[in-house]
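Take a look at the structure set out below.
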Amino acid sequence: MTERIPEAEAYVRFRLDELSSRNEHHRFEEIATRVTQKRISSNIIATGPVSSGGDQQRDAETFTTRLPNKLPHSAGFAAAASTSPVVLACTVQSGSLKQKVLSDLAGICADGAADVDHVAFFSVHPISEGVTHDVQQTEGRAAHSTTLKWQGARPWM
């Protein structure tokens, strides 16, 4: 069984590269939204296409729910829902990833934008740990008072 894991990982990496090379960023957004619903917050939904008025760099975000507070011993959707605002941003871009993250974070946290407590950023391509920690500290916490989490599609370099 364990010998099949590297084979599966190689296949997933290949498919992710294909999304990037074919400019299928919308498909990656769908995948990242589903992963976010399962692993971070069940009450997150896609914001819709940029062409319909812009998404302020928010590829998906939570809708307000008080179910976890009202049903504290529940399971399923209510147990996995977030009561604080969560935003998903993702990219298939391969170069200038630090600038991409900074640009998205600036839009997500811009004046007049809806509040956010947690930003999950998915990237097809790896972002180094040094960049990760620098952006989390200087831009996430200090500049925008938000938590920035990296949700890589691949293991970090």
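FYI, the numbering just counts along the sequence from 1.
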Checklist entry - Thr132 side chain to Ser128 main-chain N or O, any donor-acceptor pair under 3.5 Å? => result yes
Checklist entry - Does a side-chain heavy-atom distance below 4.5 Å link Glu61 with Thr47? => result yes
Checklist outcome for this item: The salt bridge (Lys or Arg N to Asp or Glu O under 4.0 Å) partners of Glu18 (sequence neighbours excluded) come to Arg22
Checklist entry - Nearest 0.5 Å, what's the CG-OG1 distance between Asp59 and Thr91? => result 8.5 Å
Item to check | Donor-acceptor under 3.5 Å (Arg58 side chain, Ala114 main chain) | outcome: yes
Checklist outcome for this item: Leu97 and His125 have their tightest heavy-atom pair at CD1-O, 3.9 Å
Checklist outcome for this item: Tightest non-hydrogen contact, residues Ala60 and Thr33, listed as CB-OG1, 3.7 Å
Checklist entry - Quick one: hydrophobic cluster around Tyr11, which other residues, with the 4.5 Å side-chain cut-off, linked directly or via members? => result none
Item to check | salt bridge (Lys or Arg N to Asp or Glu O under 4.0 Å) partners of Glu30, counting only residues at least two apart | outcome: Arg27
Next on the checklist: For a side chain to side chain contact (heavy atoms under 4.5 Å, CB included) check, start with the C-alpha distance between Leu19 and Ile31, then their side-chain angles and the critical distance, and finish with the verdict.
Outcome noted: CA-CA 11 Å; Leu19 290 175; Ile31 293 166; 4.0 Å; yes
Next on the checklist: Apply salt bridge (Lys or Arg N to Asp or Glu O under 4.0 Å) to residues Asp17 and Arg13 and explain how you reach the verdict.
Outcome noted: CA-CA 6 Å; Asp17 282 338; Arg13 286 186 183 124; over 6 Å; no
Checklist outcome for this item: Sorted by chain and residue number, the side-chain hydrogen bond (donor to acceptor under 3.5 Å, both in side chains) partners of Ser42 (sequence neighbours excluded) come out as none
Item to check | Closest contact, heavy atoms only, Ser74 versus Ala78 | outcome: OG-CB, 3.2 Å
Item to check | All side chain to side chain contact (heavy atoms under 4.5 Å, CB included) counterparts of Ser103, not counting sequence neighbours | outcome: none
Next on the checklist: Using the side chain to side chain contact (heavy atoms under 4.5 Å, CB included) criterion, which residues pair with Thr83? Sequence neighbours excluded.
Outcome noted: Pro68, Asn69
Checklist outcome for this item: Contacts of Thr36 meeting side chain to side chain contact (heavy atoms under 4.5 Å, CB included) (sequence neighbours excluded), chain-then-number -> Ile40, Ile44, Leu88, Phe122
Checklist outcome for this item: The complete set of salt bridge (Lys or Arg N to Asp or Glu O under 4.0 Å) pairs with one or both residues in residues 37-47, sequence neighbours excluded, reads none
Next on the checklist: Quick check: do Leu105 and Phe121 have side-chain heavy atoms less than 4.5 Å from each other?
Outcome noted: no
Next on the checklist: If hydrophobic clusters are built from ILVMFWY residues whose side chains come within less than 4.5 Å, do Val12 and Phe28 share one?
Outcome noted: yes
Checklist entry - With a 4.5 Å limit on heavy-atom distance, are the side chains of Val86 and Val116 in contact? => result no
Item to check | Taking every non-hydrogen atom, the tightest pair across Leu67 and Thr65 | outcome: N-OG1, 3.2 Å
Item to check | Distance in Å, Gln57 CD paired with Cys90 SG, rounded so as to fall on 0.5 Å steps | outcome: 12.0 Å
Item to check | Same apolar cluster: Leu71 and Phe63, side chain cutoff 4.5 Å | outcome: yes
Checklist entry - Which pairs, with at least one residue in residues 67-91 and sequence neighbours excluded, count as a salt bridge (Lys or Arg N to Asp or Glu O under 4.0 Å)? => result none
Next on the checklist: Checking the side chain of Asn43 only, and the main-chain atoms of Ser82 only, is there a donor and an acceptor separated by less than 3.5 Å?
Outcome noted: yes
Checklist entry - Closest heavy-atom contact between Ile108 and Ala89? => result CD1-CB, 4.0 Å
Checklist entry - Yes or no on side chain to side chain donor-acceptor pair (under 3.5 Å) for Glu129 and His133, after CA distance, side-chain angles and deciding distance? => result CA-CA 6 Å; Glu129 283 297 319; His133 294 297; 3.0 Å; yes
Item to check | Pairs satisfying salt bridge (Lys or Arg N to Asp or Glu O under 4.0 Å), at least one member in residues 88-98, at least two apart | outcome: Lys98-Asp134
